[in-house]
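Inspection log for the structure reproduced underneath, given as structure tokens.
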Amino acid sequence: MMVQMSQRKPLFAANWKMHKTSAEATSFVRELLSGPMPDSSDYLIAASFTLLSGLRQVIGESPILLAAQNMFFEEQGAFTGEISPLQLKDIGVTHVIIGHSERRHIFGESDELLNKKLLACQNYGLIPVFCLGETSEERESGKAAETIKNQLSLGINGLNAATVENMIVAYEPVWAIGTGKTASPEQVEEMHHLLRQALPDTTRLLYGGSVKPDNSEILLTLPSVDGFLVGGAALDPATFRQIFQ
Ligand code: 13P
């Protein structure tokens with residue numbers, strides 16, 4: 001049975017990437033919480049590792065969910081510079097971005113590695129925000145659909161049904177990230193439709209890539225869009241608010 005979009009609670013996620021000091025992070029949250037946060041939606045901030053403990057305190061019992069932007073799949077060991085699922089759980093992080101295009105393309109993270117990270121999320125009860133999307137070359141050569149279908153199936157391979165039902169998937173075409181070129185509503189619908197066919201009805205499907213207040217309204221009317229993963233426009237609390245209001 002198809003679930004209507006209204007049955008999947010919208011989620012507005014800020015991915016701060018490698019931005020903000022702890023003072024800036026605190027003032028963002030205070031400013032955001034000083035305005036209404038309707039409980040008809042969920043809100044999430046994905047921040048640098050150095051900010052997470054401090055944010056946990058400032059966020060307190062507010063409706064904001066806290067995510068890391070990456071993690072390693074082992075619990076502990078000789079992995080200098082990495083952060084484990086256990087360490088994230090320990091400081092009250094509940095969500096983690098896995099497979100962001102900057103991890104895939106700048107840091108060379110493979111589908112196989114991302115699958116291990118998703119399995120680690122499952123083992124430690126962290127909710128993944130699993131990102132996927134095609135490059136401009138893949139789109140221009142007619143391989144966009146095949147690319148995202150492969151990324152999804154290789155990523156979720158071996159996950160149990162409950163994990164997939166609860167996870168969040170973000171379609172972020174690489175050519176739209178930080179470029180000001182948002183995917184058209186038709187492109188988003190087409191790609192989300194493909195992903196939706198391979199996912200349970202409960203899995204929330206976000207769009208990301210140059211989401212701004214002036215294009216968010218139309219994208220949010222698409223039945224396949226359950227919310228956004230926002231980069232640049234989520235660095236300022238007032239702009240982020242304009243997107244979810
Ligand atoms: P921009 O919104 O800056 O294009 O970034 C999108 C993104 O990568 C979110 O994860």
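All ligand and atom numbering here is 1-based and tracks the order in the structure. Basis for what follows: all heavy atoms, side chains included, without hydrogens, waters or symmetry-related copies.
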Checklist outcome for this item: Note: H192 and S224 closest approach over all heavy atoms is ND1-O, 2.9 Å

Checklist entry - Which heavy atom in I97 sits nearest to a heavy atom in A46, and how many Å separate them? => result CD1-CB, 3.6 Å

Item to check | For T147, all residues meeting side chain to side chain contact (heavy atoms under 4.5 Å, CB included), sequence neighbours excluded | outcome: E134, E138, K143, Q151

Checklist entry - So which heavy atom on V164 is nearest to which on L159, and how close? => result CG2-CB, 3.8 Å

Checklist outcome for this item: Closest heavy-atom pair, F72 versus E82, reported as atoms and distance to 0.1 Å, is CB-OE1, 3.5 Å

Distance dump, ligand 1 polar atoms to protein, N/O, under 3.5 Å:
residue: ligand 1; atom: 2 (O); partner: G231; partner atom: N; Å: 2.9
residue: ligand 1; atom: 3 (O); partner: G232; partner atom: N; Å: 2.8
residue: ligand 1; atom: 4 (O); partner: G178; partner atom: N; Å: 2.6
residue: ligand 1; atom: 4 (O); partner: S210; partner atom: N; Å: 2.7
residue: ligand 1; atom: 5 (O); partner: K17; partner atom: NZ; Å: 3.2
residue: ligand 1; atom: 8 (O); partner: K17; partner atom: NZ; Å: 2.8
residue: ligand 1; atom: 8 (O); partner: H100; partner atom: NE2; Å: 2.7
residue: ligand 1; atom: 10 (O); partner: N15; partner atom: ND2; Å: 3.0
residue: ligand 1; atom: 10 (O); partner: H100; partner atom: NE2; Å: 2.9
residue: ligand 1; atom: 10 (O); partner: E172; partner atom: OE1; Å: 3.1
residue: ligand 1; atom: 10 (O); partner: E172; partner atom: OE2; Å: 3.0

Checklist entry - Between E24 and H19, is any side-chain donor less than 3.5 angstrom from a side-chain acceptor? => result no

